[in-house]
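Below you'll find the structure, written out as structure tokens, and then a few comments.
Keep in mind the model is a prediction, meaning the values are calculated, not measured. Order of the sequence lines sets the chain letters (A, B, ...), proteins ahead of strands, with each chain counted from 1.
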There are 2 protein chains.
Amino acid sequence: MSQPNDLKNVGLKATLPRLRILNLFETSEVRHLAAEDVYRILLAEGVDVGLATVYRVLTQFEAAGLLVRHHFESGKAIFELNQGRHHDHLVCLQCGMVEEFYDAEIERRQEQIAKERGFRIQEHSLYLYADCLKTDCPHKT
Amino acid sequence: MSQPNDLKNVGLKATLPRLRILNLFETSEVRHLAAEDVYRILLAEGVDVGLATVYRVLTQFEAAGLLVRHHFESGKAIFELNQGRHHDHLVCLQCGMVEEFYDAEIERRQEQIAKERGFRIQEHSLYLYADCLKTDCPHKT
DNA sequence: TTGTATGCAAATGGTTTGCAAGGGC
DNA sequence: GCCCTTGCAAACCATTTGCATACAA
């Protein structure tokens, strides 16, 4: 369960909306959530929160390094808990399920390519859009 | 110069806006353009076109395989000519410049990873967000 | 108490759509 | 001439912002 100190450590007051949002990312089995998802889930949990607050808090959490923001094809921003380990994403185009992966060789080549061309990488995102081929494709977003 | 047949071959009538938009992508030295960019450039060229038409034509061209649509961090969709060869993108966070690259080993690993996990890749995009470190960073978007 | 955070509603920015007029073929 | 295409304006959707109130410290 997220503690008030988790927030104070990054310089944010421990308010109810912030605690609930952080807690949601820490406990939900679905790791990738859009602002609208967070808003809907909190309302369902009986938390009287505004959508604008959700957006503000998500942005603050991203700035504080608690969350990572992704831009998949959907057009809406997707957030996930920042657990330190960089990774890439496989996104099922049929059911929206997101699976994570990490490949050291791909990371190495990226560094190499950037260096060759005189760039300094700030961040990078590899999205594989695919069909997951599960018999039922059950992971509805 | 783009010909009426380029459009008829993909099942689209050769209208003025379509010809001018295709021509723009074929001749512009800037390969990556947002709808707004296309609109602004055409107006400057004296073509009386509507922004809605630009959006419609870009979407049709994407469906026809003439253009590829990208979702960089900016929040706006970016289009480029589909020249058959898949490639990835280095995007300068300072000046917006886009540089393309292709790495066979990265492609191989992606295929491998998808296969291992039972996915069938439909499309994939690798974006490296970086600082281009050019002394003047001159390529303003 | 005091300044930051919140909720609401209105504003914004990119993109889409309804509709009547226009233009390929 | 027929039907697809266009331009305009209004609608849409995700996100941001202004402002008066509420709340953590």
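For A52(A), whose side chain is taken as the heavy atoms from C-beta onward, the closest listed nucleotide among dT5(D), dT17(D), dA5(C) is dT17(D). Among the nucleotides dT15(C), dT16(D), dT5(D), the one closest to any side-chain atom of Y55(B) is dT15(C). Ranking dT5(D), dT6(D), dT15(C) by closeness to the K76(B) side chain, first place goes to dT15(C).
The separation between H71(A) atom NE2 and dG14(C) atom P is 14 Å, rounded to whole Å. At whole-Å resolution of the value, CD1 in I78(B) and P in dG14(C) are 11 Å apart. For the pair E73(A) CD and dA14(D) P, the computed distance is 16 Å after rounding to whole Å. Straight-line distance from the CG atom of D48(B) to the C1' atom of dC8(D): 11 Å, rounded to whole Å. Across the protein-nucleic acid pair, L51(A) atom CG and dC8(C) atom P stand 11 Å apart, rounded to whole Å. Remark: C1' of dT15(C) and CG of D37(B) are 15 Å apart, rounded to the nearest angstrom. Across the protein-nucleic acid pair, R18(A) atom CZ and dA22(D) atom P stand 18 Å apart, rounded to whole Å. Regarding L7(A), its CG atom lies at a distance of 13 Å from the P atom of dA24(D), rounded to whole Å.
Remark: the R56(B) side chain and the dG18(C) base include a donor-acceptor N/O pair separated by less than 3.5 Å.
Residue L16(A) is out of contact with every strand shown, counting any heavy-atom pair closer than 4.0 Å. Residue contacts shown for T53(B) include a base, since a base heavy atom lies under 4.0 Å away. As judged by a 4.0 angstrom heavy-atom cut-off over every strand, A14(B) is placed among residues touching the sugar-phosphate backbone only. At a threshold of 4.0 angstrom between heavy atoms, the contacts of A77(A) are confined to the sugar-phosphate backbone, with no base atom among them.
Sequence order on DNA chain C of the closest nucleotides to L12(B) and E36(B) puts E36(B) first from the 5' end. Place K8(B) and A35(B) on DNA chain C by their nearest nucleotides, and A35(B) ends up nearer the 5' end.
H71(B) and Y127(B) have their aromatic ring centers separated by at least 6.0 angstrom.
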After noting the C-alpha distance and the side-chain angles of L33(B) and L24(B), does the key distance pass the side chain to side chain contact (heavy atoms under 4.5 Å, CB included) rule? CA-CA 10 Å; L33(B) 298 169; L24(B) 175 56; 4.1 Å; yes
Stepwise side chain to side chain contact (heavy atoms under 4.5 Å, CB included) check, I21(A) with V57(A): CA-CA 8 Å; I21(A) 290 173; V57(A) 170; 3.7 Å; yes
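When each of T53(A), L66(A), L7(A) is paired with R18(A), the side-chain contact (heavy atoms from CB on, under 4.5 Å) condition holds for L7(A) and for no other.
Looking at E80(B) and L67(B), their side chains never come closer than 4.5 Å, going by heavy atoms from C-beta outward.
Within the structure, every side-chain polar atom (N or O) of K13(A) is placed at least 4.0 Å from both OP1 and OP2 of dA5(C).
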